[in-house]
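The block underneath contains the structure these notes are about, expressed in structure tokens.
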Amino acid sequence: MSASFMRQRMFPLPVCIDFRGPLQYALKGKILKSKSKIKETKKLSKVTRMEEENENQQKMEEWVSDRKPHKIPVPTQYRQAAKILKQIVEEGKSFKELVYNNKHIKTGSTVALLTKIQANEIQLEQIMAKTDILQNIPNIFLAKILVAELIFGRGQLNGHSKPVECVLSNHDKLKEALAELGENPNQQSKLQQYKEMGKRNKKSKLNVVADANDEESSQSDNTTNNQEDNDALIPYHTKQASFALLFLLFFSVLMFTLPFLAFYGTQMLLRDYFHIDGFQNTCCDIFLTKKNFSFIFLSVPRYIRLNTILIKKTEAKEYLEREGWRLIESSFETYDDFLEAVKNLDDENYLKDFHIKNLFVFPSSSRKYWATNPLVQEGKFLLQDKASCLPAVLLDPPHKSTVIDMCAAPGTKTTHLASIMKNKGKIYAIEMNVKRYQTLLEMVEGTGATIIQPINKDVLEVKDEDVPKAEYILLDPSCSGSGMLNRFESEVRNKDAGRLFKLAGLQHKLLIHAMTSFPNVVRIVYSTCSIYTEENEEVVLSVLRKVSDFKLVDAGNLIDSKWKNFGSEKVYPGLGSKVLYARTSDDLSNGFFVSVFERCQEGEVNEFYAQKQENIKSQKKNEGNPLKRKKDNQEVTEENSVSEVEVKKPKKKWKNKGYNQ
Ligand SMILES: C[S@@+](CC[C@H](N)C(=O)[O-])C[C@H]1O[C@@H](n2cnc3c(N)ncnc32)[C@H](O)[C@@H]1O
């Protein structure tokens, strides 16, 4: 570091203004002599010149600190240590920061010295009080540093400055006072008291000494009470933090082990005292089986449809009675009353369904019973969810009519239709998938529905002449299955827009085919086991905008008793309130969607088709007006995005609609 820089650092502005003082002193003193010598001889080496400069610098510093000429300066080491001690005590500054940022002191020995003072502060004051040190050295911090170095430190002091000489002259008195202090029990206990206080970080600001690293501290001399002093050096917050860490560790270990202890404890208890094995397997089953969760939390009943082709209602009732089932005959005033009764069904009772004929409701606990029931094997009782009965009930084909089931396998709805038609008339059951077609054949055979004619074909290739005089169509196409109880969770969480887009395209195509390819058809039911509007209202709306001669019928009016869930009239005006939804939480069934269409009278067109034509007309009319044209174009584009669902990418808004959740 250059001398000028040192000067700048050591004499800040106010000191520099008063620089004539030291300069005059320098002119009078040795500094001038040495300087003039340098000028005169000019033979001194560069190193010698630097030493001279340093010496001058030191003299100036001494002058500034002592303000008295001809005084032997106190060594820098002691002065800097005194300065740090003062800052620690008076300003509460960090020990570490002060010592390690000071380039003018020997870090190790200063740390050791300050540590000793901190540890023996009371003793120091007491032995100093027995001497005249404080009268002769006004700087108490310097006095402490010097006494500590002599008594607790190296046992000697450097230089011959006045303060050093003063302390050295009191060396014997200091030693005597220290010895006396050791023998005086009162004073000793006072010291002990102080140490205790120091431990609590209440009295001495010097506790910040503990900021210094242990290595530095260990350089201090071995005094008799070293260990105790070191204890006092640990600040309170450090102890608190250590305690908190220990507690955290203990707590974490406890929290980690407790569940295992509880689990294995329960297992042991069950095995040894109650002789119950398999606790582990039961727990695994509960956690791993999604179905179990659904049934536990939703308590969805077991619906059984009577196959009236093979068994009469009275016969079925007698059988159930023999089996120990008791029919609750009460007639419910409202759907809600009925749902309440379903929720409270106990293990021996069953109910007739509120909406669907020949559908019985059993408690969910009866699932296992029905899975192995012989009449189910015989096809007399059919395991069919309530929601999936709605399409056939709403299509309601009369006896002897001709029906097309466009997507038939496995045949649940086909056989239901046959039952409704009293096995009279004709049902064309079309299934494209070969494997599923086999299942359809088995089901048809097992239920004794002789009016069903299964056809293994893509229904899009089926023409009117293949299904002569068909009057009713049931379209229950492939869908996301998001309404299915055991698929609900994963489907809702992982809504796949790409898959929905493809499914909606297929559903749209099939519904258009149903409405346009069979001229004798008067009624169509379109249903899905999905709760997504993309597969439901959006498909219906887009088809009705394209096909003029089928209109949407209010499905709620076709059902005997009041229904609960519909689409959103707000989002789909003129459409939402006419389509039905089944929702698991409300209807205690799978999630489901049903819409019903009827052929329009001659000359009549459906309202959505008419509206679209209106828009096209007004667009053409306004072709000359650029402003209007722009507005109308936007409207038409918006409509197109729905109607051409199979060719356009799904809009992002599909993803986030909340009304179908
Ligand atoms: C949701 S399932 C039908 C369930 C049936 N309605 C029931 O209640 O048992 C849809 C069926 O339609 C069939 N399918 C899909 N597209 C078809 C097509 N273009 N022609 C014929 N069958 C098709 C599928 O193979 C699937 O078996």
Side-chain angles (χ1 to χ4, degrees), residues 303-305 307 356 359 376 379 382-395 397 403-421 427-447 449 452-464 466-467 470 472-488 491 499-500 502-518 524-532 535-536 539 543 582 589-596 646:
Y303 295 96
I304 298 292
R305 178 167 69 78
N307 179 11
I356 316 281
L359 186 71
V376 171
L382 298 162
L383 309 178
Q384 186 172 356
D385 185 74
K386 173 176 178 169
S388 95
C389 294
L390 288 170
V393 168
L394 291 173
L395 187 64
V403 181
I404 311 170
D405 187 349
M406 286 178 78
C407 296
T412 324
K413 294 179 192 75
T414 327
T415 54
H416 190 195
L417 284 169
S419 208
I420 289 170
M421 292 161 73
I427 300 174
Y428 295 102
I430 299 155
E431 173 55 49
M432 179 174 74
N433 183 293
V434 178
K435 235 179 167 180
R436 289 176 70 90
Y437 178 73
Q438 289 305 319
T439 319
L440 173 70
L441 292 182
E442 283 163 27
M443 177 126 193
V444 170
E445 204 192 328
T447 53
I452 298 171
Q453 185 183 324
I455 301 171
N456 185 202
K457 207 171 180 179
D458 179 347
V459 76
L460 291 169
E461 290 167 11
V462 172
K463 296 187 184 85
D464 186 43
D466 300 325
V467 287
Y472 296 86
I473 290 179
L474 177 66
L475 174 59
D476 184 41
S478 306
C479 69
S480 65
S482 60
M484 301 299 281
L485 266 177
N486 49 358
R487 268 196 253 169
F488 177 76
E491 282 292 338
R499 183 166 171 251
L500 280 186
K502 282 184 190 163
L503 283 166
L506 175 69
Q507 291 152 355
H508 179 268
K509 222 183 237 179
L510 288 167
L511 190 52
I512 294 260
H513 183 58
M515 287 182 177
T516 55
S517 306
F518 311 98
I524 298 169
V525 164
Y526 168 72
S527 63
T528 69
C529 53
S530 167
I531 51 164
Y532 296 146
E535 300 178 90
N536 304 332
V539 171
V543 169
S589 68
N590 280 337
F592 214 82
F593 170 82
V594 196
S595 55
V596 185
E646 71 271 43

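Positions are given from 1, in the same order as the sequence printed here. Indexing begins at 1, ligand by ligand and atom by atom, following the structure's order. The model shown is predicted, which means the values in this text are computed figures rather than measured ones.
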From the list Thr439, Leu441, Val444, side-chain contact (heavy atoms from CB on, under 4.5 Å) with Pro410 holds only for Thr439

Proximal atoms of ligand 1 relative to [X] (non-hydrogen, under 4.0 Å):
{"X": "Asn433", "result": "25 (O)"}
{"X": "Lys457", "result": "20 (N), 21 (C)"}
{"X": "Met406", "result": "21 (C), 22 (N)"}
{"X": "Gly411", "result": "9 (O)"}
{"X": "Ser478", "result": "10 (C), 15 (C), 24 (C)"}

Counting only heavy atoms not in Glu445, do more than 12 fall under 6.0 Å of its CD? no

Determine whether the side chain, the backbone, both or neither of Pro477 has a heavy atom under 4.0 Å from any heavy atom of ligand 1. backbone

Tell me the contacting part of Ala408 for ligand 1: side chain, backbone, both, or neither, using a 4.0 Å heavy-atom threshold, strictly below. backbone

Kindly identify the option in Val462, Thr414, Val459 whose heavy atom sits closest to atom 20 (N) of ligand 1. Val459

Proximal candidate to atom 27 (O) of ligand 1 [heavy atom criterion; set His513, Glu461, Arg436, Met443]: Arg436

Can you check whether [X] has an N/O within less than 3.5 Å of an N/O in ligand 1?
{"X": "Asp405", "value": "no"}
{"X": "Lys413", "value": "yes"}
{"X": "Leu510", "value": "no"}

Looking at [atom], what's its closest protein heavy atom, distance included?
{"atom": "atom 4 (C) of ligand 1", "value": "Ala409 O, 3.1 Å"}
{"atom": "atom 6 (N) of ligand 1", "value": "Asp476 OD2, 2.9 Å"}
{"atom": "atom 19 (N) of ligand 1", "value": "Asp458 OD1, 2.8 Å"}
{"atom": "atom 16 (N) of ligand 1", "value": "Met432 CE, 3.7 Å"}
{"atom": "atom 14 (N) of ligand 1", "value": "Cys407 SG, 3.9 Å"}
{"atom": "atom 24 (C) of ligand 1", "value": "Glu431 OE2, 3.5 Å"}

Side chains of [X] and [Y], heavy atoms from C-beta outward: is any pair under 4.5 Å?
{"X": "Lys386", "Y": "Phe592", "answer": "no"}
{"X": "Val596", "Y": "Ile524", "answer": "no"}
{"X": "Val467", "Y": "Val462", "answer": "yes"}
{"X": "His508", "Y": "Ile512", "answer": "yes"}

Enter the distance from Asn590:CG to Leu390:CG here, rounded to the nearest 0.5 Å. 11.0 Å

Asn536 side chain to Phe593 main-chain N or O, any donor-acceptor pair under 3.5 Å? no

Might you point out which heavy atoms bring Leu359 and Cys389 nearest each other, and give the distance in Å? CD1-SG, 4.0 Å

What residue pairs, at least two apart or across chains, pass side chain to side chain donor-acceptor pair (under 3.5 Å) with a residue in residues 404-420? Arg305-Thr415, Thr308-Ser419, Asp405-Thr414, Lys413-Asp476

Who passes side chain to side chain contact (heavy atoms under 4.5 Å, CB included) against Ala409, sequence neighbours left out? Glu431, Arg436, Leu440

